[in-house]
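Note sheet for the following structure.
Order of appearance sets the numbers: ligands from 1, and atoms from 1 within every ligand.
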Amino acid sequence: MAKYIFVTGGVTSSLGKGIISASLAKLLQSRGFRVTIQKFDPYINVDPGTLNPYEHGECYVTDDGAETDLDLGHYERFLNIPTSQLNNVTTGRIYQTVINKEREGAYLGKTVQVVPHITDEIKRRMLLLGNEGKYDIVITEIGGTVGDIESLPFIEAVRQIQWELPDEDCVVVHLTLIPYLKAAKELKTKPTQHSVKMLSETGVHPDIIVCRSEQPLSMELRRKIALFCNVKTEAVIEAMDASTIYEVPVLMLKEKLDVICLRKLNVEIFPGVDLTRWNDFLTKLKNPKVKVNIGLIGKYVELQDAYKSILESFIHAGAMNEVKVQIVNVHSEFITEENVAEKLGELDGLLVAPGFGSRGIEGKIAAIKYARENGLPFFGICLGMQMAVVEFARNVLGLKDANSTEMAPETTHPVIDLMETQKTITAKGGTMRLGAYPCEIKEGSLAYTIYGTKFISERHRHRWEFNNRFIKQYEQAGMIPSGKNPESGLVEIMEIPSHPYFIGVQYHPELKSTVERPAPLFVHFVKAAKDFYEKRNAIKSPLLQSELI
Ligand code: GLN
């Protein structure tokens with residue numbers, strides 16, 4: 001039987017429930033427990049796959065092809081184990097199941113209601129992973145903020161589970177904010193008191209209160225929160241702003257968040273948390289030897305959550321190389337042939353991001369041309385790879401109107417075309433080519449050097465693909481497919497062997513990068529950027545000396 005930890009949030013959104021959940025899970029995992037985390041989101045979309053990144057940030061894709069909340073990315077990056085479609089549930093998914101059952105006649109004769117039918121389905125989902133026998137502890141993060149109308153059924157489900165299970169099988173952790181009022185020079189506890197009161201009114205009382213704060217919490221303040229929120233003083237946990245999210249498990253260890261949870265769960269606490277690998281990573285992360293500038297070209301660069309996994313992958317790969325990766329955001333809509341050299345001139349590497357639709361693609365193409373012609377390390381992901389293919393067609397193969405049929409359905413040179421399997425699909429939700437697929441790598445290629453193996457599996461999220469009709473032209477002109485799906489022949493990797501470092505992939509390697517297992521494509525790309533930086537500076541120095549003479 002698994003034990004359950006529920007994590008709720010109060011006062012405001014964006015307090016970092018996902019990071020607190022992942023950090024707690026990491027500590028429990030480091031003590032030898034088998035842990036997973038799941039997220040319950042209160043919105044009505046069945047999954048976030050149809051949401052714009054402006055609304056919801058990145059859509060994270062699991063091995064089994066679920067389009068999920070970006071917090072699942074944090075869970076995987078911290079725990080180094082995959083999640084699945086069971087780890088993310090929305091209100092939409094719950095209602096869909098209940099309504100489908102109603103249509104099938106499962107409730108014949110009965111009025112279908114929020115309580116008990118919706119709450120029963122929520123409870124079933126909440127306990128599902130724990131019933132598999134694979135985990136000792138299941139952490140459930142409840143999206144939204146306590147007090148929101150839409151999260152009420154989730155909280156009610158938590159209340160019922162607490163009532164149904166033995167006391168020692170559940171813990172509720174409530175994350176709140178303790179604001180600092182500059183004028184009064186004081187930390188304020190009232191919003192936390194109100195938020196705990198609101199949660200208690202729904203019948204759920206927190207066992208632990210984690211307080212996000214910009215200032216340390218004094219013992220006096222902890223006692224005050226404990227007294228008015230009716231928890232033990234040691235169960236008031238300080239969560240100060242950290243310099244990196246990867247520091248949070250260490251901070252939570254100091255605050256004994258894991259120990260207090262385990263005590264409530266009545267689990268024997270073995271001494272010793274093994275965070276050796278984690279701490280090695282942190283040491284490298286904090287002591288870089290060089291800094292490189294990597295341009296991130298995309299149309300959502302003003303919203304960092306849109307590229308969450310890419311940014312985190314650079315942090316993992318940077319630490320591995322002992323390099324600080326400075327991301328330079330370049331909005332693809334504002335890059336032109338005329339200003340490209342000025343915009344990209346100081347970069348040591350160029351990453352062209354995934355995306356959908358035509359906005360900003362001409363800027364992406366101009367940036368890729370610049371990288372190809374100037375020996376600048378290039379890495380294209382999904383749409384980034386597709387645009388590298390289009391750029392090559394236009395400027396090397398001389399096919400001036402070459403394009404993806406996503407952008408120009410009438411092009412006479414559709415070098416990127418809709419996949420055959422997509423042609424009959426009309427519904428948008430969950431219908432892309434999603435999840436993990438195998439890829440066979442050509443020996444002797446850059447991709448082979450990067451992965452060091454012939455067979456890999458990476459995650460996908462796309463509808464268009466390289467059009468194999470043009471393959472000969474590409475190979476003859478020096479852009480080669482170095483990775484293909486072994487069954488369908490779909491091109492997964494394109495590279496230019498004559499270029500110092502030019503690679504584009506149809507899949508999303510950023511979705512599998514973790515602290516303990518950084519994605520090889522990012523590790524090698526950062527290394528290439530470092531080489532580029534060092535070569536450039538080696539050239540610069542003699543020039544400076546000659547200037548002196
Ligand atoms: N829009 C492109 C496609 O669907 C690329 C998708 C992506 O970058 N994730 O094929």
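- Aromatic ring centres of His524 and Tyr451: separated by at least 6.0 Å.
- For an aromatic pair to be called close, the ring centres must be under 6.0 Å apart, and Tyr43 with His56 satisfies this.
- Those atoms of ligand 1 that come under 4.0 Å of a heavy atom in Arg463, given as number and element, are 3 (C), 4 (O), 10 (O).
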Audit row: Tyr437, Tyr507, ring-ring contact (aromatic ring centres under 6.0 Å, His included) steps and yes/no
CA-CA 9 Å; Tyr437 283 92; Tyr507 51 83; over 10 Å; no
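- Using a 4.0 Å cutoff on heavy atoms, Gln386 counts as a contact of ligand 1.
- Note: Phe379 and Tyr501 fail the aromatic proximity criterion, with ring centroids not under 6.0 Å apart.
- Atoms of ligand 1 lying under 4.0 Å from any heavy atom of His508, numbered from 1 in the order shown and given with element: 9 (N).
- The shortest contact between atom 9 (N) of ligand 1 and any protein heavy atom is with Arg461 O, 2.9 Å.
- For ligand 1, the atoms lying closer than 4.0 Å to a non-hydrogen atom of Phe356 are 1 (N), 4 (O), 6 (C), 7 (C), 9 (N).
- Contact annotation: the side chain of His508 approaches that of Ile381 to within less than 4.5 Å [non-hydrogen atoms, C-beta and beyond].
- Of the polar atoms of Leu383, at least one N or O is found under 3.5 Å from an N or O of ligand 1, judged by distance alone.
- Geometrically, Arg77 does not engage Tyr75 in a cation-pi contact defined by less than 6.0 Å to the ring centre and at most 45° from the axis.
- In terms of protein heavy-atom proximity, atom 10 (O) of ligand 1 is closest to Trp464 N, 2.8 Å.
- Closest to atom 6 (C) of ligand 1 by heavy atom, among Gly380, Gly298, Gly384, Cys382, is Cys382.
- Close N/O approach between Gly355 and ligand 1 is found [any backbone or side-chain N/O within under 3.5 Å].
- The protein heavy atom nearest to atom 1 (N) of ligand 1 is Glu406 OE1, 2.7 Å.
- The environment of Lys289 atom NZ is sparse: at most 12 non-hydrogen atoms of other residues, nucleotides or ligands sit within 6.0 angstrom.
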